[in-house]
Novice: 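A single structure is presented below for examination.
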Amino acid sequence: MNDSKLSELFPTSTDQIPAEYRIEPIHQREYLLDGEMRPWNGPVSEVYSPVCLPDADGTLQRQLVGSFPVTGPTEAVEALNAAVAAYDNGRGEWPQMSVADRIRCMETFIGKMLEQRTLVINLIMWEIGKNLADATKEFDRTVKYIYDTIDTLKNMDRNSSRFRIEEGIIGQIRRSPLGVVLAMGPFNYPLNETYTTLIPAILMGNTILFKTPKHGSLLHYPLLEAFRTSFPKGVVNSLYGRGANVIPPVMQSGKVNVLTLIGSSRVADELQRQHPKLNRLRSIMSLDAKNAAIILPDADLNIAVQECLLGTLSFNGQRCTAIKIIWAHRSIADKFLAQFSPEVSKLKPGMPWDAKVQITPLPEPTKPQYLADIIADAAAGGASIVNDGGGETTASLFKPAVVYPVKEGMRLYREEQFGPVIPVVVYDDVEEFIDYLITDDHGMQASIFGTDTAAISRLIDPLVNLVSRVNINAQCQRGPDTFPFTGRKDSAEGTLSVEDALRSFSIRSAVATKDTATNKEILNEIVGNHQSTFLSTNFIF
Ligand code: G3H
């Protein structure tokens, strides 16, 4: 359904875009490899923004933001070799560097990253259509994440700066790097979620290949120079191009020690399978999710409505942690929908920089049609859109749709829609909800809305073994970043959080000896003369 009012929300000329948010196309013709910005004269991929302007015929067209290199298998293998050489079987400058010195390099990086803040925030808006407030939050949250990671690492290092004596054995135990890390981030948090794996992986002494996402690639360009000049050569290497071309030679080499991916379980499976020695590969991944919210009969509907609005539609529902299906008890389903649907329709659509805008253009060109298709599928099964204007679309703008009643058999019941469509299911018995979670392929988070403590408790205990976080009277979300971020089944592998990530990208190594006078003398001499970086009682202040 096309809506002429929606088309009026797009600028008709660049003059209508506030000067500070206009952008000159950025044509990236270089990439970071082995400490150099390598020039690129080969094929490129053009980046089109979900922000559209009318062409001469008045048809809305996605605007060109720039282009970036499409490198191939040769460059991918070169990048891999650079990371392997920089790691040098753990003997490279970076894995051998003390934690304190690595932290100093990271602090240098933060300073240089901050210099690019305005440009990166602008690129987040242009490349993926995230609104200004959320794009700003994404940048600032990432910087805070890096500072928190540094503080946590200092604490971990302080705790391991002392020797242990047990059962006649003296030992020192520290976390050491794993090797070469292949990091791939998603389009919805192209900066934050790439960095929440990349930064701890670097800090722990690993060397990195990082592949930028298809949407949200250019915003990494201004930061490549910061990586280049803050870390020794080969520690951070960029990978551009089509995943299907550049990833297989890297994985098939068997030289990747850690795969970290925020993306789909289908891609995760394919990538892991390409590694010739699966037992040597550690995977840290956040994958698919279909987080469900349940509204109990006695829920405070004001809270449920507000939290479900945030949970389902922040960044147009394009969050792995978004609430992607709502279960409302039959006794209050009508009342909930009567309150929820108008609030959904009231959300303000517009361009990312518009004041207080909540619904913004969708970056994936095929998404509006996909959303229309899953709504049509639900309609064929007897559901309908119950909010005013829901499902109206023009070019990349799509007004959120509340679809009710959704049932087993409809695509919306199981598929992760990752967009502004909210399926609502009606239930009579909480067992139906629990059964849904048991039979679902996902297991990230769930939300319970209610006031009866007995009813809430009856859900908490089964739910904590089906998902990894149960939110009470609150939307699903990743933060605070010190909380564990993980999932069961197809939703994740490994755990992320400020501390968990440092652990995920490292392994404990111990140096041990028998408690004899000679051995104690040897240890004292090594430590006293600062002869080893690992065996040391240096304390980071
Ligand atoms: O896309 C998944 C993000 O990690 C979600 O983070 O819950 O803070 O929006 P968030």
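Counting begins at 1 with the first residue of the sequence. Both counts, for ligands and for their atoms, begin at 1 and track the order of listing.
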Novice: Considering only protein heavy atoms, which is closest to atom 6 (O) of ligand 1, and at what distance to one decimal place?
Specialist: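 Ranking protein heavy atoms by distance from atom 6 (O) of ligand 1, first comes Arg478 CB, 3.4 Å.
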Novice: Using a 4.0 Å heavy-atom cut-off, which part of Asn188 comes near ligand 1: side chain, backbone, both, or neither?
Specialist: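 The side chain, only.
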Novice: Could Lys290 and Glu415 be called an ion pair, given the rule that one side-chain N must be under 4.0 Å from one carboxylate O?
Specialist: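 Salt bridge flag = no for Glu415 with Lys290.
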Novice: If the cut-off is 4.0 Å to any non-hydrogen atom of Gln477, which atoms of ligand 1 fall inside it?
Specialist: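 Counting atoms of ligand 1 from 1, those under 4.0 Å from Gln477 are 7 (O).
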Novice: Closest non-hydrogen protein atom to atom 4 (O) of ligand 1, residue and atom name please, with distance?
Specialist: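 Its nearest protein heavy-atom neighbour is Glu193 OE2, 2.4 Å.
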Novice: For Val180, which of Val258, Thr207, Ile208 qualifies under side chain to side chain contact (heavy atoms under 4.5 Å, CB included)?
Specialist: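 The option that passes is Thr207.
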Novice: Does Arg141 reach ligand 1 with a nitrogen or oxygen that is under 3.5 Å from one of the ligand's nitrogen or oxygen atoms?
Specialist: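 The answer is yes, given that Arg141 and ligand 1 share an N or O pair closer than 3.5 Å.
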Novice: Salt bridge check, Glu416 against Lys324: does any charged N sit closer than 4.0 Å to a carboxylate O?
Specialist: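 Salt bridge present between Lys324 and Glu416.
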Novice: For Phe485, state whether at least one heavy atom is located under 4.0 Å from any atom of ligand 1.
Specialist: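 In this structure, Phe485 qualifies as a contact of ligand 1 - some heavy atom is under 4.0 Å.
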Novice: Within 45 degrees of the axis of the six-membered ring of Tyr189 and under 6.0 Å from its centre: does Lys130 put its NZ or CZ there?
Specialist: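 Ring-cation test returns yes.
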Novice: Quick one about Gln272 and Glu493 (side-chain donor to acceptor, distance below 3.5 Å, no hydrogens or angles considered), yes or no?
Specialist: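 There is such a pair (donor and acceptor under 3.5 Å, judged by atom type) between the side chains of Glu493 and Gln272.
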Novice: Heavy-atom contacts with Cys320 under 4.0 Å: which atoms of ligand 1 show up? List them by number with element.
Specialist: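 What qualifies from ligand 1 is 1 (O), 2 (C), 3 (C), 4 (O).
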Novice: Hey, does Gln318 come in under 3.5 Å of ligand 1, counting only N/O atoms on both sides?
Specialist: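 No; the residue has no nitrogen or oxygen that sits under 3.5 Å from a nitrogen or oxygen of the ligand.
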Novice: Among protein heavy atoms, which sits nearest to atom 9 (O) of ligand 1, and what does the distance come to when rounded to 0.1 Å?
Specialist: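 Checked against all protein heavy atoms, atom 9 (O) of ligand 1 sits closest to Tyr189 OH, 2.4 Å.
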Novice: Counting only heavy atoms not in Arg242, do more than 12 sit closer than 6.0 Å to its CZ atom?
Specialist: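 12 or below, so no.
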Novice: So if I count the atoms of ligand 1 from 1 in the order they appear, which ones are less than 4.0 Å from some heavy atom of Arg319?
Specialist: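 Within the 4.0 Å cut-off of Arg319, ligand 1 contributes 1 (O), 7 (O), 9 (O), 10 (P).
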Novice: Which atom names give the shortest non-hydrogen contact between Phe449 and Gln475, and what distance separates them?
Specialist: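 Scanning both residues completely, I find the closest heavy atoms to be CZ-N, 4.5 Å.
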Novice: Here's a test for you: under side chain to side chain contact (heavy atoms under 4.5 Å, CB included), which of Asn387, Leu309, Val386 qualifies with Phe340?
Specialist: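 Only one option passes, and that is Leu309.
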Novice: Which residue holds the protein heavy atom closest to atom 5 (C) of ligand 1, what is that atom called, and what is the gap in Å?
Specialist: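 For atom 5 (C) of ligand 1, the nearest protein heavy atom is Thr321 OG1, 3.0 Å.
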